[in-house]
Asks: 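The following block contains the structure, expressed as structure tokens.
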Amino acid sequence: MTTSPLLDIQDLHLAFDGFEGRSQVLDGVNLSVQPGETLGIVGETGCGKSVLARSVTRLLPMPPARITAGTVRFDGADVMAMDRTALARLRGTGVSMIFQDPMTFLNPVFSIGQGMADVIRAHDTATGRRARPRFQARQRAAELLAAVRLPDPGGLLDRYPHELSGGQRQRVLIATALSGTPRLLIADEPTTALDVTVQAGVLRLIDDLVRASNLTLLLISHDLGVIGALCRRIAVMYAGTIAEDGDATLIFARPRHPYTLGLLAAVPDLARPEHRARPIPGHIPDLLHPPPGCRFHPRCPMAVTRCGAEKPVLREVDGRHVACHRAEEVAPERAIAA
Ligand SMILES: Nc1ncnc2c1ncn2[C@@H]1O[C@H](COP(=O)(O)OP(=O)(O)OP(=O)(O)O)[C@@H](O)[C@H]1O
Ligand code: SF4
Ligand SMILES: [Mg+2]
């Protein structure tokens, strides 16, 4: 049975205009997410993961950011055409975002209770209701803090962000993100700033919350292990394009894009230390002057003349979508050598 997508991004082109010219940061991104899906987005630093995520709720400064083509639809509604009221409703109850550094999003001069109550009351008005009284908003905040397994939620309401540990702050942010009962949760590197021991707990919490509420999850991470643990589907990004998109187990077992193959070969295998991790040589291109054709071609061990001239489109190969002229020939032995 096919349902209509909750999030539908079609041919999205986004550029930043700067003194040196225009950098085409997203170059024709197609991504459609069904309700209840868990999708992980992975790719090297600077490839456009955060910009893509922020486009979903228009959380980008425009200008200098400029959508030059394409559409973003949430539950059928055109996000680019939304007025302030519709956008506030979308951010309140449609899509919630959590980011890498919770301190940036918690106001240091407000106690946890004050900050959360403000957000809860703002969600009320964004959805056309009267804001509930402050004491009720505090009660709701305490319930949400308990739901993210923070001990003594009542006491926590009167504490300030700097009094909390990084892991506790991230849980407060997750609780706040859930306050509008969103349908889509976007988590952009939610555990990257945390200690390894704390990371696992926060990831387990996100996983449990997503399962319990049948939330749709878009998780951004540079860590394939994190994506593999939480997401059934994976989209691999390279320099503002989707390289490969499909079932995570399938792609991990049998990648069909040379870049995915390179990413997987770059992960150390603790079980087989004799298999040395091989990083992909070279760097992501300068997006002010991106290479023509396939943006990966200067680094690709399989590149042929066509790759420098013709941009590959996403097409179905072997049960997933791949943007590579030679997807059918991609095999593990072609992994990029160190
Ligand atoms: N405000 C901005 N002005 C100009 N360029 C920007 C701005 N924000 C992002 N960019 C550019 O957009 C590109 C994509 O950035 P983005 O932050 O989405 O990358 P990312 O994949 O999230 O990287 P990371 O893994 O480091 O978080 C980069 O080349 C970056 O320099
Ligand atoms: S299109 Fe060509 S350059 Fe791009 S990934 Fe495929 S083989 Fe490599
Ligand atoms: Mg980012």
Side-chain angles (χ1 to χ4, degrees), residues 9 12-27 29 31 40-56 58-68 97-101 104 186-193 218-224 226-227 235-244 255-263 280-315 317 321-331 334-336:
I9 299 172
L12 189 64
H13 286 72
L14 186 141
F16 280 101
D17 287 326
F19 290 120
E20 294 173 72
R22 170 171 289 192
S23 25
Q24 195 68 51
V25 166
L26 298 181
D27 188 40
V29 170
L31 206 62
I41 300 187
V42 70
E44 282 162 294
T45 182
C47 74
K49 304 180 295 293
S50 297
V51 165
L52 178 63
R54 285 167 174 269
S55 308
V56 173
R58 275 175 42 196
L59 268 181
L60 284 166
M62 301 212 189
R66 185 189 294 271
I67 305 275
T68 51
M97 296 190 70
I98 44 179
F99 300 94
Q100 179 170 337
D101 180 10
T104 320
I186 300 181
D188 188 352
E189 304 276 6
T191 56
T192 308
L218 207 155
L219 173 70
I220 294 169
S221 179
H222 64 277
D223 186 333
L224 283 163
V226 167
I227 301 272
V236 179
M237 277 189 82
Y238 185 76
T241 61
I242 303 288
E244 186 161 8
R256 282 290 184 190
H257 193 288
Y259 180 63
T260 318
L261 202 59
L263 274 186
I280 305 173
H283 301 283
I284 199 160
D286 170 10
L287 299 178
L288 268 173
H289 309 285
C294 174
R295 285 187 165 191
F296 188 52
H297 87 261
R299 298 172 76 185
C300 181
M302 289 178 65
V304 289
T305 313
R306 182 185 177 196
C307 303
E310 193 185 321
K311 183 183 169 183
V313 293
L314 266 185
R315 61 195 174 94
V317 177
H321 287 87
V322 197
C324 171
H325 297 310
R326 303 186 63 191
E328 288 79 357
E329 302 163 63
V330 174
R334 291 195 189 267
I336 294 162

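Note that the coordinates shown come from a computational prediction; the quantities given were computed from them, not determined experimentally. Read the numbers this way: they start at 1 and go in the same order the structure lists the ligands and their atoms. The first residue in the sequence is number 1, and the count goes up from there.
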Asks: Test your reading of the structure: does K49 have an N or O sitting under 3.5 Å from an N or O of ligand 1?
Replies: yes
Asks: In the protein, what heavy atom is nearest to atom 2 (Fe) of ligand 2, and what distance, to one decimal place, separates them?
Replies: C307 SG, 2.2 Å
Asks: Does the pair I41 and L31 meet the rule for a side-chain contact (heavy atoms from CB on, under 4.5 Å), with working shown?
Replies: CA-CA 11 Å; I41 300 187; L31 206 62; 4.0 Å; yes
Asks: Considering heavy atoms of the protein only, find what lies nearest to atom 22 (O) of ligand 1 and give residue, atom and distance to 0.1 Å.
Replies: S50 OG, 2.8 Å
Asks: Do side-chain atoms of R256 reach the backbone of E328 as a donor and acceptor pair under 3.5 angstrom?
Replies: yes
Asks: Under a 3.5 Å distance rule, please check whether H297 uses its side chain to pair with a backbone N or O of P292 as donor and acceptor.
Replies: yes
Asks: Give a yes or no on whether atom 8 (N) of ligand 1 lies under 4.0 Å from any heavy atom of the protein.
Replies: yes
Asks: Would you check whether C47 reaches within less than 4.0 Å of ligand 1, judged by its heavy atoms?
Replies: yes
Asks: Quick check against the 3.5 Å criterion: does R326 have a side-chain atom that pairs as donor or acceptor with the backbone of M302?
Replies: yes
Asks: With no hydrogens and no angle check, is any side-chain donor or acceptor of H321 less than 3.5 Å from a backbone partner on I242?
Replies: no
Asks: Between F296 and Y238, what is the ring plane arrangement, given parallel below 30°, perpendicular above 60°, and tilted in between?
Replies: perpendicular
Asks: Any nitrogen or oxygen of L287, main chain or side chain, under 3.5 Å from a nitrogen or oxygen of ligand 1?
Replies: no
Asks: Is there an N/O/S atom in C300 at a distance below 2.8 Å from atom 6 (Fe) of ligand 2?
Replies: no
Asks: For ligand 2, which atoms sit closer than 4.0 Å to a heavy atom of M302?
Replies: 7 (S)
Asks: Out of curiosity, L263 CG to E244 CD, how far, rounded to the nearest 0.5 Å?
Replies: 10.0 Å
Asks: Of all the heavy atoms in P64, does at least one lie under 4.0 Å from an atom in ligand 1?
Replies: no
Asks: Would you say V51 and ligand 1 have an N/O pair spaced under 3.5 Å apart?
Replies: yes
Asks: Please check: side-chain N/O of S221 versus main-chain N/O of D223, any donor-acceptor pairing under 3.5 Å?
Replies: yes
Asks: Any idea which protein heavy atom is nearest atom 13 (C) of ligand 1, and the distance to it?
Replies: V25 CG1, 3.5 Å
Asks: Please write down residue, atom name and distance for the protein heavy atom closest to atom 3 (N) of ligand 1.
Replies: F16 CD2, 3.4 Å
Asks: Consider only side-chain N and O atoms of H13 and Q24, and report whether a donor and an acceptor are under 3.5 Å apart.
Replies: no
Asks: Below the 3.5 angstrom mark, is there an N/O of G46, backbone or side chain, next to an N/O of ligand 1?
Replies: yes
Asks: Is the shortest heavy-atom distance from the side chain of H222 to the side chain of T45 under 4.5 Å?
Replies: no
Asks: Distance to 0.1 Å, residue and atom name: give those for the protein heavy atom nearest to atom 6 (Fe) of ligand 2.
Replies: C324 SG, 2.3 Å
Asks: Can you tell me which residue and heavy atom of the protein come closest to atom 24 (P) of ligand 1, and the distance to 0.1 Å?
Replies: T45 OG1, 3.5 Å
Asks: Examine ligand 1 and decide if any of its atoms is less than 4.0 Å from a heavy atom belonging to G43.
Replies: no
Asks: Does even one non-hydrogen atom of H257 get within less than 4.0 Å of ligand 2?
Replies: yes
Asks: Among all protein heavy atoms, pick out the one at the shortest distance from atom 4 (Fe) of ligand 2; state its residue, atom name and that distance to 0.1 Å.
Replies: C294 SG, 2.4 Å
Asks: Provide, to 0.1 Å, the distance between atom 1 (S) of ligand 2 and the closest protein heavy atom, together with that atom's residue and name.
Replies: H325 N, 3.3 Å
Asks: My understanding is that only one of L14, D17, L60 makes a side chain to side chain contact (heavy atoms under 4.5 Å, CB included) with R66; could you say which?
Replies: D17
Asks: Decide yes or no for Y259 and E44: does some side-chain heavy atom of the first lie under 4.5 Å from some side-chain heavy atom of the second?
Replies: yes
